[in-house]
Amino acid sequence: MLNLIPLPYESRGAKRPIVTWSLIAVNFIVFLYFYLQGPYVFNKAIEELGMIPYYILRGEKLYTLITAMFMHGGWAHIIGNMIYLYVFGCPLEARLGKAKFLAFYIVCGLLAAFMHIGIEAVFAEPMIVYNPYGRPIIIDPLLIPCVGASGAISGLLGGYLNFFPRSQLQVLTFFFLFPFVFSLPASVFIIIWFLYQLWMGLIAIAGNYFAGVAYWAHIGGFIAGWLITLPASRFARKRARVMYYRGRIWYEIPVE
């Protein structure tokens, strides 16, 4: 992923982001439960609970469309995803409400999975990899488990772009190994993020390249989140403008 990390901030809103906190807690609990049992159990859990396109296309193991959202492949994977979930989930939960936010999160995750499955089914070809002994192994991409919350979280970025495009994000990056924090408009950060996903996704298709990242799940989740929240965000902006101008007119009435 991009070497740009949005930093969590203190939310001063009246509503506590209970659903966002709960999703983060569940993700960590599931990860630690399997991770602490050792590599064999951990890898077996990913194989059993990860979303494998081959089975979904056959109508099998459909439950993995949900369970895969709560599985992660390592510490960097889960920590990165949970930072994004916290930064972009808290404001959206406050705007949408708890029930709508949870439904939005799950729907974006499902649509992200469907995008990944569709791209893999149409474009993916068998790949040759080599084991530690130098022997070639043919792998069908449709049989590779897909895990992580990033598809659903990508939907949150799409919704955030609609509702909070002018907000400022504190972003961490590294300059010659030295940490550097700067402010960036949310719209700029999210558009850069999306273009990066799109670029890497197109490279993966063009070169039958496996990077270990489901870029098209990110793209699908983002588009889903953007489209789902677009009508509500337009209504919210229109309502805000009406209230603003009504207020101006009221205050400008001369009092005699």
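Heads up: numbering here begins at 1 and tracks the sequence.
In terms of hydrophobic clustering, with Ile, Leu, Val, Met, Phe, Trp and Tyr side chains grouped at heavy-atom distances under 4.5 Å, Y35 and I29 are assigned to different clusters. Cluster membership for I117 and Y63, using ILVMFWY side-chain heavy atoms within less than 4.5 angstrom, is shared.
The backbone N or O of T20 lies less than 3.5 Å from a partner atom in the side chain of E93, making a donor-acceptor pair. Of the possible donor and acceptor atoms, none in the side chain of T173 sits under 3.5 Å from a partner among the backbone N and O of L4. Not a single donor-acceptor pair under 3.5 Å links the side chain of W226 to the backbone N or O of L161. In terms of modelled atom types and a separation under 3.5 Å, the side chain of Q168 and the main chain of A186 share no donor-acceptor contact.
Between Y215 and Y196, the angle of the ring planes goes over 60°, which puts this pair in the perpendicular group of the 30/60° scheme.
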Discussion item. Applying ring pair (Phe, Tyr, Trp, His ring centres under 6.0 Å) to F42 and F31, what does each step give before you reach the verdict?
Written reply: CA-CA 9 Å; F42 183 71; F31 174 77; 5.8 Å; yes
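Rounding to the nearest 0.5 Å gives a distance of 10.5 Å between OG of S183 and CG of L7. Note: I205 CD1 to E120 CD = 9.0 Å, rounded to the nearest 0.5 Å.
Checked against the 6.0 Å centroid threshold, F180 and F175 do not count as a close aromatic pair.
Side-chain contact of Y160 with T229: a donor-acceptor pair under 3.5 Å is absent, judged by distance alone.
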